[in-house]
Amino acid sequence: MTRPAAALSRGAPPPAPETGLFSLADLPVETVTRLVERTVELHHDRAAHARPLAGAAVGVLFARPSTRTRTAFTVAALRLGGSPVAHGPGELQPPSGQFVEPVESGESVEDTGRSLGSMLDGLVARPAGSLDDLRRLSRYGHLPVVNARTPEEHPSQGLCDLATLRLTLGSLDGLRLLYVGEGNATATALALALSGIPGCEATFACPPGYGLPAELLAAAGKRAARTGATLTHRDSARSLPTGVDVVYTTRWQSTGGGRPDAGWRERFRPFHVDEEFMTRRPGALFLHDLPAHRGEEVSGAVLDGPRSVAWTQASMKLGGAMAVLEWALSEGDPHGQASGTPAPPDTPAASEASEA
C-alpha cells in the first residue's frame with residue numbers, strides 16, 4: 001500500500017477530512033468488534049495477511065517513553081510489509097508543547113502535517129500535546145494517523161484489552177469488570193470499549209480527584225444505553241463488587257510526571273491490588289497495561305501469579321497494532337470496511353496517562 005505522489009501545486013494545500021484512529025468514540029461498535037476479532041486472529045497467526053503495507057513508509061513518532069506500544073507498532077509495520085521511519089523527541093521541528101519537548105525553533109502543526117504527509121503513507125504518534133494535534137496533523141497532511149496515546153485516550157490499548165479478554169474468556173457478553181486506580185488514558189479507552197459490550201457491568205473506582213472525566217462518562221454512557229452495558233463510577237475503594245470476572249489496574253504515576261498534591265500516594269493506597277484484594281474475588285483474572293510498580297498499584301504476587309494475564313495482554317499489543325495499521329492505512333480492512341473518515345468524536349476526556 002503506497003499513496004500516489006502529490007501533484008504539482010501552488011500555495012499551501014487545503015485541509016482534508018481526517019483519517020486514522022484517534023478515539024474509540026469515533027468508531028461504531030461494529031468496527032471495534034472487527035478490530036478486536038482481527039487482533040485475536042493476528043495474535044494466533046502473525047502471517048495471516050497479504051502484506052497490505054508493502055512499500056509503505058510508516059512514521060513512528062514517540063515524544064513520550066514507551067516500551068510495548070512503540071515496539072508493537074514498529075514491528076507491526078514490518079510484518080505487514082511496510083518500513084517504519086522512527087522519529088524521537090527533539091528530532092522534528094514542531095513548536096514548543098505540541099509534539100515534543102520545547103525546542104528553540106519550530107513550525108506549526110499544520111506545516112508539520114503537510115511535510116510529513118508528502119512523504120509518509122501513515123503516522124503512528126504519541127505526542128507531548130493533545131489529541132487535537134493528531135487530528136490536525138491528519139487533516140493538513142492528508143495522512144492516516146494513529147493515536148498511540150495522548151493525555152485524553154489510549155485507543156489501541158483499549159482494543160488490546162478487549163482482545164485479551166476475548167482470547168481468554170471467549171464471549172464478552174455480560175462481562176463484569178472492576179477497574180481500580182487513576183482515571184487516565186487507559187481507563188478512558190477501556191470505558192469506551194466496554195460500553196459497546198452487550199450486558200457488560202463495569203465499575204471504575206478511582207481516588208477522589210483522579211477519576212474519569214464527566215464528559216467521558218457521558219459519552220460512554222450514551223453508547224452503553226444502546227448496548228445494555230452499565231458503567232459505574234466510584235471515588236471510594238470501600239464496598240466494591242466481588243462477583244467480577246476481571247480486575248484491572250494501571251500504574252499510579254506516569255513516567256517523568258509529578259503531582260501537585262504532595263499526599264497523593266495516601267489517596268491511592270486503598271486502591272492497591274494485593275492477594276487479599278484478589279482473594280475476595282476468587283473467580284477474577286487480573287489485567288495491567290504495564291509498566292507496573294510492584295508494591296504500589298499491585299503486589300508482585302498478583303502481577304506474576306496464576307490469575308494474571310498481564311503478560312498475554314502485553315504480547316497481544318503486536319496483533320493489535322497490526323490490526324489497527326491494516327485497517328487505518330490499507331485501502332480497506334480485511335472485513336470489507338474502508339478505513340475512511342471517523343465520525344465527529346464525542347467530547348474527549350483529558351487525564352494524565354499511563355506509559356504503556
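Just so you know, residue 1 is the first one in the sequence shown, and it goes up from there.
- In this structure, Thr39 OG1 and Lys317 NZ are separated by 10.5 Å, a value rounded to the nearest 0.5 Å.
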For a quick test of your reading: what N or O donor-acceptor pairs under 3.5 Å do the side chains of residues 271-278 make, sequence neighbours left out?
{"unit_1": "His272", "atom_1": "ND1", "unit_2": "Glu296", "atom_2": "O", "d": "2.4"}
{"unit_1": "Asp274", "atom_1": "OD1", "unit_2": "Glu276", "atom_2": "N", "d": "3.3"}
{"unit_1": "Asp274", "atom_1": "OD1", "unit_2": "Phe277", "atom_2": "N", "d": "2.9"}
{"unit_1": "Glu275", "atom_1": "OE1", "unit_2": "Ser299", "atom_2": "OG", "d": "3.3"}
{"unit_1": "Glu276", "atom_1": "OE2", "unit_2": "Arg280", "atom_2": "NH1", "d": "3.3"}

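- The minimum heavy-atom distance linking Phe286 with His288 is given by the pair CE2-CB, 3.8 Å.
- Considering every non-hydrogen atom in both Pro291 and Arg68, the closest pair reads N-NH2, 3.1 Å.
- With Ser315 contributing its side chain and Thr312 its backbone, the two residues share a donor-acceptor pair below 3.5 Å.
- Judged by distance alone, the side chain of Ser138 and the main-chain N or O of Arg135 form no donor-acceptor pair under 3.5 Å.
- The side-chain hydrogen bond (donor to acceptor under 3.5 Å, both in side chains) check on Gln313 picks up Asp161, Tyr248, with sequence neighbours excluded.
- The ring-ring contact (aromatic ring centres under 6.0 Å, His included) contacts involving residues 107-130 comprise nothing, where partners must be two or more places apart or lie in separate chains.
- For the atom pair CG of Leu212 and SG of Cys206, the computed distance is 5.0 Å after rounding to the nearest 0.5 Å.
- Taking both residues in full, the closest heavy atoms of Thr67 and Thr71 are given as O-OG1, 2.7 Å, listed atom of the first, atom of the second, then distance.
- The nearest pair of heavy atoms linking Pro151 to Gly129 is CD-O, 3.2 Å.
- Side-chain atoms of Ser156 never come within 3.5 Å of backbone atoms of Ala148 as a donor-acceptor pair (strictly under, hydrogens ignored).
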Working for side chain to side chain contact (heavy atoms under 4.5 Å, CB included), residues Leu194 and Phe204: CA-CA 11 Å; Leu194 294 175; Phe204 289 80; 4.2 Å; yes
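- Smallest separation of non-hydrogen atoms from Gly183 and Pro213: O-CD, 4.4 Å.
- From Leu159, atom CG reaches atom CG of Leu24 across 5.0 Å, with rounding to the nearest 0.5 Å.
- Residues Val302 and Val247 fail the side-chain proximity criterion, which asks for heavy atoms closer than 4.5 Å.
- Under a hydrophobic clustering in which Ile, Leu, Val, Met, Phe, Trp and Tyr are joined whenever their side-chain heavy atoms come within less than 4.5 Å, directly or via other members, Leu21 and Val29 fall into different clusters.
- Looking at Arg307, its side chain does come within 3.5 Å of a backbone N or O of Pro282 through a donor-acceptor pair.
- Going from atom CD of Glu297 over to atom CH2 of Trp252 covers 7.0 Å, rounded to the nearest 0.5 Å.
- Note: the hydrophobic cluster containing Val146 does not contain Leu78 (ILVMFWY, side chain heavy atoms under 4.5 Å, direct or indirect links).
- A salt bridge does not link Arg149 to Asp289: none of the charged nitrogens lies less than 4.0 Å from a carboxylate oxygen.
- Between His43 atom NE2 and Leu318 atom CG the span is 9.5 Å, to the nearest 0.5 Å.
- With sequence neighbours excluded, the residues satisfying salt bridge (Lys or Arg N to Asp or Glu O under 4.0 Å) with Arg294 are Asp304.
- The closest donor-acceptor contact from the side chain of Ser195 to the backbone of Leu192 lies under 3.5 Å.
- If you take CG on Leu175 and CD1 on Ile197, they are separated by 5.5 Å, rounding to the nearest 0.5 Å.
- In this structure, Arg281 has no side-chain hydrogen bond (donor to acceptor under 3.5 Å, both in side chains) partners at least two apart in sequence or on a different chain.
- Looking at residues two or more places apart in sequence or on another chain, you find no salt bridge (Lys or Arg N to Asp or Glu O under 4.0 Å) involving Asp235.
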From CA spacing to verdict: side chain to side chain contact (heavy atoms under 4.5 Å, CB included), Thr150, Phe22: CA-CA 9 Å; Thr150 61; Phe22 303 96; over 6 Å; no
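- Listed for the Tyr140 side chain is no donor-acceptor partner under 3.5 Å among the backbone atoms of Leu143.
- In this structure, the salt bridge (Lys or Arg N to Asp or Glu O under 4.0 Å) partners of Arg166, at least two apart in sequence or on a different chain, are Glu37.
- Taking the side-chain hydrogen bond (donor to acceptor under 3.5 Å, both in side chains) definition, one finds that Arg114 meets it with Asp111, sequence neighbours left out.
- Looking at Arg38 and Trp327, their side chains never come closer than 4.5 Å, going by heavy atoms from C-beta outward.
- With 3.5 Å as the limit, one finds a donor-acceptor pair spanning the side chains of Glu153 and Ser23.
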Worked verdict on Val124 versus Leu325 for side chain to side chain contact (heavy atoms under 4.5 Å, CB included): CA-CA 9 Å; Val124 178; Leu325 288 180; 3.8 Å; yes
Full working for side chain to side chain contact (heavy atoms under 4.5 Å, CB included) between Leu287 and Leu165: CA-CA 9 Å; Leu287 266 67; Leu165 294 172; 4.1 Å; yes
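- Taking the side-chain contact (heavy atoms from CB on, under 4.5 Å) definition, one finds that Thr232 meets it with Thr203, Thr230, Arg234, sequence neighbours left out.
- Thr168 is linked by a side-chain contact (heavy atoms from CB on, under 4.5 Å) to Thr164, Leu285, Val309, counting only residues two or more places apart in sequence or in another chain.
- In this structure, Leu329 and Pro144 approach most closely via the heavy-atom pair CD1-CB, 4.1 Å.
- Remark: Arg136 engages Asp133 in a salt bridge, criterion side-chain N to carboxylate O under 4.0 Å.
- In this structure, the side chain of His154 does not engage the main chain of Thr188 through any donor-acceptor pair within 3.5 Å.
- Taking 4.5 Å as the limit, every side-chain heavy atom of Leu177 sits out of range of all side-chain heavy atoms of Leu172.
- Other residues sharing a hydrophobic cluster with Val40 under the 4.5 Å side-chain heavy-atom criterion for ILVMFWY residues are Leu167, Met316.
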Identify every side-chain donor-acceptor pair in residues 47-63 under 3.5 Å, counting partners at least two apart or on other chains, and give the distances.
{"unit_1": "His49", "atom_1": "ND1", "unit_2": "Arg51", "atom_2": "N", "d": "3.0"}
{"unit_1": "His49", "atom_1": "NE2", "unit_2": "Arg46", "atom_2": "O", "d": "3.0"}
{"unit_1": "His49", "atom_1": "NE2", "unit_2": "Arg79", "atom_2": "O", "d": "3.2"}

